[in-house]
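Structure, as structure tokens:
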Amino acid sequence: MKLLHFADLHLGVENYGSLNPSTGLSTRVDDFLHALDTIITAAIEEEVDAVLFAGDAFKNRDPSPTLQRMFARRIRRLAEAEIPTVLLTGNHDLPSIMARATAIDIYQALGIPHIHIARTIGQMNLGTRSGPLQIVTLPWVPRNTVLTHESLRTLPADEQLLKFSEAISAAIGQRAGELDPDLPAVLLGHFSLEGAKLGSEQSIMLGAEVVLTPAEISADAFTYVALGHIHGYQRIGVTPPVVYAGSVERVDFGEARETKGFVMVDLERDDTGRWKAHPTFRPLPTRPFLSLEIQAATDSPMEKIQHLIERRSADIAGAIVRMIIKVEAEREDEIRVDEVRRWLLNTGAAWVAYVRRDVDLQRRSRVDINDEDALIPEKMLDRWLLERDIPTDLRERIKAAGLELIQADRASSTE
């Protein structure tokens with residue numbers, strides 16, 4: 001039996017892209033769709049027995065109709081190929097009110113053949129070309145759906161997390177005990193597991209969360225554990241294999257060195273008749289994120305920058321690029337940022353995140369801020385952000401929060 005396991009599509013991420021006039025969306029959406037197309041084509045051409053998606057189909061819980069249509073077209077390909085597909089809900093898929101539908105619930109409501117939605121802890125038996133497959137599902141579970149009793153909600157946060165993990169463990173343990181040992185079984189989950197290495201997704205995780213242990217998810221009861229939520233591919237357990245497929249595309253520069261992809265899993269019986277899993281990671285041709293740094297301490301800093309760009313032209317072509325130029329204070333004005341940006345784009349960069357001058361402040365007598373700007377908090381906030389290496393999406397959130405604080409301070413001062 002062959003399975004395809006992938007996770008964390010996050011369709012709708014638009015940072016570091018320009019407008020695609022044919023869709024009205026960022027060109028970055030095209031990158032994520034290309035990754036999804038590659039995955040689905042592999043599933044169809046290699047005639048896998050089932051596709052397991054471990055959560056976070058969209059960037060947020062309210063994707064646009066255009067994004068939903070693009071996702072639906074791809075899922076339809078799996079349905080038409082008669083490949084059983086399980087779509088698990090992740091934390092980014094869930095609405096703020098649990099009674100509301102998620103963006104993927106429509107497939108269950110329409111009864112699309114071969115497409116199964118997993119929004120609750122449960123168990124399903126899939127009929128595949130190679131025989132039955134048992135799947136226990138552990139989607140993202142908000143704490144308030146488990147800690148319903150008022151006495152639990154008044155506990156300290158750490159005790160709440162303990163009670164929450166105990167409830168999850170009991171639910172999974174019950175279903176693991178009901179598995180048929182003669183059939184292959186998979187745990188499909190979206191959560192954080194002890195021992196996993198976190199990446200830049202920490203900045204986009206929503207709220208505090210529980211970290212479960214392999215024992216708490218009854219890992220030994222399964223042939224394979226297919227996980228989502230953490231963006232870097234990694235294999236934690238050996239027997240059975242406990243695997244995070246990772247996200248399918250890079251979200252920001254924090255993931256620049258991560259290889260993105262999906263997992264093909266071969267299930268077969270060993271000499272004792274016990275089912276074993278053999279996962280293989282398949283890299284995807286994703287958009288590169290490139291950071292360039294140069295020490296421009298010469299009489300001709302722009303010439304040195306140009307030579308660097310020419311030398312790295314093969315790496316720059318098609319990449320999302322940022323450049324940090326280290327320069328002495330007295331030569332800062334010689335660095336023409338707009339011209340450097342234009343050189344990068346002309347060399348083929350897909351997007352220039354920023355070109356930043358990193359001035360040697362130790363040799364600089366004062367920060368160049370005039371008296372008028374120093375009295376305007378908004379301008380000082382902009383200057384503070386400009387001087388720091390912060391991803392665009394995080395920069396926007398910090399600025400919005402800062403502006404709220406500034407407005408609140410002004411309002412209180414007038415009362």
Side-chain angles (χ1 to χ4, degrees), residues 13-21 25-31 200 203 249-258 285-370 373 376 378-400 402:
V13 170
E14 297 190 342
N15 51 320
Y16 310 121
S18 56
L19 182 68
N20 182 342
L25 301 172
S26 168
T27 51
R28 287 288 286 145
V29 172
D30 298 332
D31 292 341
S200 65
S203 65
E249 249 290 351
R250 296 182 179 93
V251 173
D252 55 33
F253 283 92
E255 298 180 4
R257 296 184 180 182
E258 293 181 0
T286 50
R287 178 75 62 188
F289 277 65
L290 177 66
S291 296
L292 297 174
E293 186 171 306
I294 184 171
Q295 184 75 44
T298 68
D299 292 336
S300 304
M302 289 295 288
E303 184 177 334
K304 185 174 183 179
I305 294 168
Q306 189 173 28
H307 286 164
L308 171 66
I309 292 173
E310 291 172 354
R311 190 170 69 252
R312 300 293 301 275
S313 59
D315 298 324
I316 293 170
I320 295 169
V321 183
R322 65 180 178 183
M323 175 174 274
I324 300 173
I325 304 167
K326 295 182 178 296
V327 61
E328 297 172 352
E330 59 269 23
R331 293 194 177 276
E332 180 184 6
D333 293 340
E334 297 180 33
I335 307 300
R336 299 183 294 278
V337 170
D338 289 343
E339 189 170 348
V340 175
R341 179 184 292 272
R342 186 167 62 252
W343 287 345
L344 290 168
L345 291 172
N346 290 340
T347 305
W351 183 261
V352 178
Y354 59 81
V355 175
R356 196 187 74 200
R357 292 172 289 199
D358 190 355
V359 181
D360 184 358
L361 296 177
Q362 291 183 344
R363 300 185 57 181
R364 193 171 187 175
S365 59
R366 61 185 292 274
V367 178
D368 187 17
I369 302 174
N370 61 51
D373 285 350
I376 304 175
E378 289 85 353
K379 289 191 176 182
M380 294 300 293
L381 175 62
D382 286 337
R383 181 60 183 261
W384 185 86
L385 290 169
L386 183 63
E387 295 293 333
R388 280 156 176 78
D389 180 13
I390 301 175
T392 302
D393 55 343
L394 180 58
R395 183 189 303 271
E396 292 174 354
R397 294 202 299 272
I398 292 174
K399 183 173 181 178

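Note that the numbering runs from 1 along the sequence shown for the chain.
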[atom1]-[atom2] distance between [X] and [Y], expressed to the nearest 0.5 angstrom:
X: E258; Y: T286; atom1: CD; atom2: OG1; value: 10.0 Å
X: I309; Y: W343; atom1: CD1; atom2: CH2; value: 6.5 Å
X: L344; Y: L308; atom1: CG; atom2: CG; value: 8.5 Å
X: K304; Y: I294; atom1: NZ; atom2: CD1; value: 5.5 Å
X: R342; Y: R336; atom1: CZ; atom2: CZ; value: 9.0 Å
X: I324; Y: E293; atom1: CD1; atom2: CD; value: 5.0 Å

Side chains of [X] and [Y]: does their closest heavy-atom pair fall under 4.5 Å?
X: L292; Y: V321; result: yes
X: N15; Y: W351; result: no
X: I325; Y: D358; result: no

Taking side-chain hydrogen bond (donor to acceptor under 3.5 Å, both in side chains) as the definition, give me every residue that meets it alongside N20, ordered by chain and number, with sequence neighbours left out. S22, D30

List the atom of [X], the atom of [Y], and the distance in Å for their closest heavy-atom pair.
X: S26; Y: E14; value: OG-O, 3.1 Å
X: R28; Y: V13; value: CB-O, 3.6 Å
X: Y16; Y: D252; value: CE1-CA, 4.0 Å
X: V359; Y: A329; value: CG1-CA, 3.5 Å
X: E332; Y: V327; value: N-CG2, 4.1 Å
X: I316; Y: L290; value: CG1-CD2, 3.8 Å

Please answer whether the main-chain N or O of S18 pairs with a side-chain N or O of T27 as donor and acceptor at a distance below 3.5 Å. yes

Are any side-chain N or O atoms of R331 and backbone N or O atoms of P301, one a donor and one an acceptor, separated by less than 3.5 Å? no

Basic-acidic side-chain contact under 4.0 Å: D338, R341: no

Lys/Arg N to Asp/Glu carboxylate O, K399 vs D382, below 4.0 Å: yes

Between M302 and E339, is a side chain to side chain contact (heavy atoms under 4.5 Å, CB included) present by the stated rule, with each step listed? CA-CA 9 Å; M302 289 295 288; E339 189 170 348; 4.0 Å; yes

R322 to F253 six-membered ring, cation-pi geometry met (6.0 Å, 45°): yes

Check the pair M323 / I305 against side chain to side chain contact (heavy atoms under 4.5 Å, CB included), numbers first and verdict last. CA-CA 10 Å; M323 175 174 274; I305 294 168; 3.9 Å; yes

